[in-house]
2 protein chains.
Amino acid sequence: MAYRTTPARMDRDEQLRQRILDCALSRVAGGGFASLTMVALADDVGIATGSLYRHFHSKGELAAEVFASASGREVEALREVLRGDGDPATRLARGVRQFAARAWSSRSLAFALIAEPVEAEVDEQRLLYREAYGELFCELLEEGAAQGAFQVAQPRVIAACLVGAIAESLVGPLSPPAWAAREAGRPSVELAVVSDALTTFCLRAVGAKEPHP
Amino acid sequence: MAYRTTPARMDRDEQLRQRILDCALSRVAGGGFASLTMVALADDVGIATGSLYRHFHSKGELAAEVFASASGREVEALREVLRGDGDPATRLARGVRQFAARAWSSRSLAFALIAEPVEAEVDEQRLLYREAYGELFCELLEEGAAQGAFQVAQPRVIAACLVGAIAESLVGPLSPPAWAAREAGRPSVELAVVSDALTTFCLRAVGAKEPHP
DNA sequence: CAAACATCTGAACGTTGGTTCACTTCTTGT
DNA sequence: ACAAGAAGTGAACCAACGTTCAGATGTTTG
């Protein structure tokens, strides 16, 4: 016997795997999933393309994992707020505002996660995570409905509506063309405007008693 | 001189072009844009692949035209209703219901138009048509706001929210897996349920005075 | 019918980008 | 140090499709 997987080795493996994911995320955050190619990624990491396959079965798997980890963070942040303190309406308002703010602060990544056309394997993740957002809203809606803070007959459907409304209202302002316009000094909507309108929209839509801050 | 483009020829050209578009639409309606390949399409039409290029510069152009014509029909139908008779809230309700019903009645095509991952050139069209829907809603919102039927401060943003809510709430139930579930006899949401919930959602969201039928 | 020219054909080509694999370079345990 | 075997390399390979083009087939006019 002359070789065995030692702890040190497994550590380095784990670290490299993470480094690959980090580089991949950078790439996506910079130029969307379109710019995530195996050759370019390997180059970024400083390894050969073949080595990527020691850590991921295929590009699809890798891309899906990048998507999942980035989206997972968002779901977590949203969960934190929606399950936090305060009455349901306040929590909903906070959740929406936070989501918009986070998306705005890393618009390019947000656009890639929300709207960029991607290969099927990644798109599956998108559907999955949209469901996860929906699940969180659904929970809150049921709680709110039970205590009379909201009026919703079909929490699942309404939750999907919320997810759609939030995503769509942000896609426009986050899209590359819109951002280019902003940087060129042309007028365009600002975060506060979208965020306020969106929040009011969501609160009203679920039958919350009155506008919340 | 021994040949000139005669009216009969141009007619046949026009007809063939239309036949190509029809076949392409069938294909998309059946298996989404993923199943729209030049070879398969040429086969459907009964011509050679090369002949397709006598009518369309590229696949992207062809696909975009298919998308546009299908979406154009929907925009038209929506415009009809939103600009029709009745107070703004009633028209909004009708528009939403009609949109849902139409999508439901050709679910596969609707899914392809709303949510299927597609090549960039087609996705551009999607963005464009989403804007068109938004524009229609925006118009109605402004009219409604002016006469006090709605309470919307940012019609453009709210219009996007409506488009997103409608699309997203339908994507789930229209998606291939959901439909497979329905056909397998497993329980799933029905059109009436989604349509009602969605309509209520939209009316409340724009601050309409009270639920409309 | 025959010249002149458009249109059609479909196998071959090109491009893009993921994936492989024979070979080299490390690590580890004795 | 050295054997045993894992990990790394990167050019070649491959698959999938859109696109092309030289030759065959139609169509029109005199």
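Just so it is clear, the structure is predicted and the values come from calculations on it, not from any experiment. Each chain gets a letter, A, B and so on, in the order its sequence line appears, and its residues count up from 1.
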Between the protein and nucleotides 9-11 of chain D, list every N/O to N/O distance that falls short of 3.5 Å.
from   : atom 1 : to      : atom 2 : distance (Å)
D:dT9  : OP2    : A:Ala48 : N      : 2.9
D:dT9  : OP2    : A:Ser51 : OG     : 2.9
D:dA11 : N6     : A:Thr49 : OG1    : 3.3

| For B:Val45, does its backbone N or O pair with a side-chain atom of B:Arg19 as donor and acceptor, under 3.5 Å? | yes

| task | Look at the side chain of A:Ser105 and the backbone N and O of A:Arg102, then say whether any donor-acceptor pair between them is shorter than 3.5 Å. | result | yes

| remark: Rounded to 10°, the helix from C:dC1-D:dG30 to C:dT30-D:dA1 deviates from straight, judged by its five-pair end axes, by 10°

| request: Among residues two or more places apart or on two chains, list those pairs meeting side-chain hydrogen bond (donor to acceptor under 3.5 Å, both in side chains) that have a residue in residues 113-127 of chain A. | output: A:Asp123-A:Arg126

Within this structure, what is the [atom1]-to-[atom2] distance between [X] and [N], rounded to whole angstrom?
{"X": "B:Tyr53", "N": "D:dC21", "atom1": "OH", "atom2": "P", "result": "13 Å"}
{"X": "B:Glu61", "N": "D:dG18", "atom1": "CD", "atom2": "C1'", "result": "14 Å"}
{"X": "A:Leu52", "N": "C:dG17", "atom1": "CG", "atom2": "P", "result": "16 Å"}
{"X": "A:Met10", "N": "D:dA7", "atom1": "CE", "atom2": "C1'", "result": "15 Å"}
{"X": "B:Arg12", "N": "D:dT28", "atom1": "CZ", "atom2": "C1'", "result": "11 Å"}

| Worked check of salt bridge (charged side-chain N to carboxylate O under 4.0 Å, His left out) between A:Arg91 and A:Asp85 | CA-CA 7 Å; A:Arg91 278 185 275 155; A:Asp85 295 326; over 6 Å; no

I'd like to check the salt bridge (Lys or Arg N to Asp or Glu O under 4.0 Å) partners of [X]; sequence neighbours left out, ordered by chain and number.
{"X": "A:Glu14", "answer": "none"}
{"X": "B:Arg156", "answer": "B:Glu135"}
{"X": "A:Glu142", "answer": "none"}

| note | What residues 116-128 of chain B contributes to the DNA chain C interface at heavy-atom separation below 4.0 Å is none

| message | Heavy atoms within less than 4.0 Å of DNA chain C: which residues of residues 15-43 of chain A have one? Give them sorted by number. | response | A:Leu36, A:Thr37, A:Met38

| Would you call A:Arg12 and A:Arg17 a side-chain contact if the rule is heavy atoms closer than 4.5 Å? | no

| task | Please identify each residue that fulfils side-chain contact (heavy atoms from CB on, under 4.5 Å) with B:Ala197, with sequence neighbours left out. | result | A:Gln154, A:Val157, A:Ile158

| remark: Residues at least two apart in sequence or cross-chain that pass side-chain contact (heavy atoms from CB on, under 4.5 Å) with A:Val81, listed by chain then number, are A:Arg94, A:Gln98

| task | Verify whether the ring centers belonging to A:Phe111 and A:Phe33 lie closer than 6.0 Å. | result | no

For residues 46-53 of chain A, dump all side-chain donor-acceptor pairs below 3.5 Å to protein atoms at least two apart in sequence or in another chain.
none

| request: Not counting sequence neighbours, which residues clear side-chain hydrogen bond (donor to acceptor under 3.5 Å, both in side chains) with A:Asp22? List them please. | output: A:Gln18

